[in-house]
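Lettering follows sequence order; numbering is per chain, from 1.
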Number of protein chains: 2
Amino acid sequence: MKRWTTGEVAKQRNISVRTLRYYDQINLLNPSFRDDNGRRYYSEDDLFQLEKIIILKSLSLPLEDIRHVLEKLSYKQVLISHYNYLQEQLSKLQTSISNTASLINIINLEESLSWKHVSELVQNSPTSSKKWIEYFREDEIAFIQKAVPNLSNNDEKTQQYISLLQRIESCIKNNIKPESEEGFKIATQLIELSDESFQGDTNLMDKFWEIRKQPAGETGLYPISEEVLDFVERCIDNVTT
Amino acid sequence: MKRWTTGEVAKQRNISVRTLRYYDQINLLNPSFRDDNGRRYYSEDDLFQLEKIIILKSLSLPLEDIRHVLEKLSYKQVLISHYNYLQEQLSKLQTSISNTASLINIINLEESLSWKHVSELVQNSPTSSKKWIEYFREDEIAFIQKAVPNLSNNDEKTQQYISLLQRIESCIKNNIKPESEEGFKIATQLIELSDESFQGDTNLMDKFWEIRKQPAGETGLYPISEEVLDFVERCIDNVTT
DNA sequence: GCTTGCAGGTGACGTAACGTTATCTAATAT
DNA sequence: ATATTAGATAACGTTACGTCACCTGCAAGC
């Protein structure tokens, strides 16, 4: 009967020698043989057991629960409650991801963290209750949530909106007019993006932009300054007329 | 200037007193005042700092990184690499969830863990390479992956398929024929389910069932025994003719 | 005056699953 | 004879607190 040392098993199953020794220590997997020098030797059965452990680890199951499953101690219950636990983790993680994306996008827009804006936008905070929702019908809300970028996303469109906002801010800072060359470019790109987002539904688009112009406190949306909104309006007017 | 004790802050911000003491200990948030007895008193500024910490915690950001962000030490880089880290966690978690669902469904089908089936189905294992994919066109694959239940899901349809399989096994065990009352019920439910899954595309449905009949080793799908497949065919024949 | 209770405090240990030293030993290769 | 390799043990470090055990100061009730 063939036997394998720790190093061999580790290489073969792509885990560390330390891990094998640890599993021995907590009696999750004791090698069948030990020689006089204390060296561990794993049998074929041991390897099979290890494979089960590795499969169960791929469920992110804690070692203690793995032991229960292997010993067939109410393993169905263990797995079901583990499944529920994982679902909880998933929703936490999704919140973390969207909050992180929001923060990164805000930083891109502000160059330094404005905690007022952050706490308004991060879900966690009590002030963020997505008030803009009140202005739309249910089907419109579903559409906007899917199609229109939002700071908690990290997709291409969101990044394009952010870059346009940055360019506008830069124009304002450097006193470049909305009627200039750059203003023209910004307007055309903005129109294109907006068209893509709303997929041609100009009614909805107009409605959204109207609401966008209201004070941020009323809508719960990321605050865009008067100046920027003004710039947008003027450069778009300039292109469409 | 109002000051708050640990207990008051803890209640107000819904964290534990221990947490506040810990943040003091690691110098993440030191209260501005300490009285002669060592009691901590938090100022308004301290509370604001705490709010920032709580927001950053909602990103699942480690405390050490929170410190960096608060001290403005390359916070943008920190957040971006954290975002990438979270995305990795997300994909791991999703694997764990689908593997866990597979295991639970297999247990429901087998009453005791058959490690052969498990290791065939859990992604991690090298044998599972989704060979059934080879039999279909790309659009068909996309459709099947969305609409047709798969052991790594936990939706209603999957559960219904599993319960039907269990009923069939029970019929076979108890020598109940496919032409019986129960066989008739099973067949009608199976047809209904199948119709829902394939949304009326009977061509694709037939193709899928043909492939389902092949040995599991060829397809990489969960193995359904000859007996069960035979039962299915006979009871459906009985209903449709 | 004494007890009781409460709200605060300081250690110190426990957690999960190993990674990472540091140090030792036995066997093999040069 | 010596250098390298592969094995072993022991012990600390990691994260963000929870959970004791034990101590203090202060107010209320007896």
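Although no hydrogens or angles enter the test, the distance criterion places no donor-acceptor pair under 3.5 Å between the side chain of Q77(A) and the main chain of S74(A). With hydrogens and angles disregarded, a donor-acceptor distance shorter than 3.5 Å links the side chain of D35(A) to the backbone of N37(A).
Look at CG on L28(B): it is 13 Å from P on dT15(D), rounded to the nearest Å. D35(A) places its CG atom 12 Å from the P atom of dG7(D), with the value rounded to the nearest Å. Look at CD on E8(A): it is 11 Å from P on dA8(D), rounded to the nearest Å. Atom CG in L20(B) sits about 10 Å away from atom P in dC17(D), given to the nearest Å. What separates CG of D36(A) from P of dT9(D) is a distance of 14 Å, to the nearest Å. Atom-to-atom, CG of D24(A) to C1' of dA8(D) comes out at 11 Å; the value is rounded to the nearest Å.
Within 4.0 Å (heavy atoms only), R21(B) reaches at least one base atom of the nucleic acid. Y41(A) comes within 4.0 angstrom of no nucleic acid atom, judged by non-hydrogen atoms across all strands.
Of all the heavy atoms in L59(B) and L86(B), the pair that sits closest is O-CD1, 3.7 Å.
The side-chain hydrogen bond (donor to acceptor under 3.5 Å, both in side chains) search around N27(B) returns N30(B), not counting sequence neighbours. The side chain to side chain contact (heavy atoms under 4.5 Å, CB included) check on Q25(A) picks up R18(A), Y22(A), with sequence neighbours excluded. Take E44(B) and apply the side-chain hydrogen bond (donor to acceptor under 3.5 Å, both in side chains) test, not counting sequence neighbours, and it matches no residue. Listed by chain and number, the residues in a ring-ring contact (aromatic ring centres under 6.0 Å, His included) with F208(A) are F198(A) (sequence neighbours excluded). In this view, D46(A) and S32(A), S43(A) satisfy the side-chain hydrogen bond (donor to acceptor under 3.5 Å, both in side chains) rule, not counting sequence neighbours. Remark: R34(B) engages D24(B) in a side-chain hydrogen bond (donor to acceptor under 3.5 Å, both in side chains) (not counting sequence neighbours). Partners of Y222(A) according to the ring-ring contact (aromatic ring centres under 6.0 Å, His included) rule, which considers only residues two or more places apart in sequence or in another chain, are H117(A).
For residues 78-93 of chain A, proximity to DNA chain C is found at no residue, defined as any non-hydrogen atom under 4.0 angstrom from a strand atom.
Mapping R40(A) and P62(B) onto DNA chain D by nearest heavy atom places R40(A) at the nucleotide closer to the 5' end.
Evaluation of the side-chain hydrogen bond (donor to acceptor under 3.5 Å, both in side chains) test over residues 78-88 of chain B, restricted to residues two or more places apart or in two chains, returns N154(A)-Y83(B), Y83(B)-Q87(B). Listed by first and then second residue, the salt bridge (charged side-chain N to carboxylate O under 4.0 Å, His left out) pairs that reach into residues 143-169 of chain A are R167(A)-E182(A), sequence neighbours excluded.
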Heteroatom pairs (N/O) under 3.5 angstrom, protein to nucleotides 20-25 of chain D:
none

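Contact annotation: K11(A) does not reach the phosphate of dA6(D) (side-chain N/O to OP1 or OP2, under 4.0 Å). A sub-4.0 Å separation between OP1 or OP2 of dA6(D) and a side-chain N or O of T5(A) is absent.
Of the listed nucleotides (dA16(D), dG7(D), dT9(D)), dT9(D) has the atom at the smallest distance from the side chain of R34(A).
On the nucleic acid side, DNA chain C has its first and last nucleotide under 4.0 Å of a heavy atom of chain B at dG8(C) to dA12(C), going 5' to 3'.
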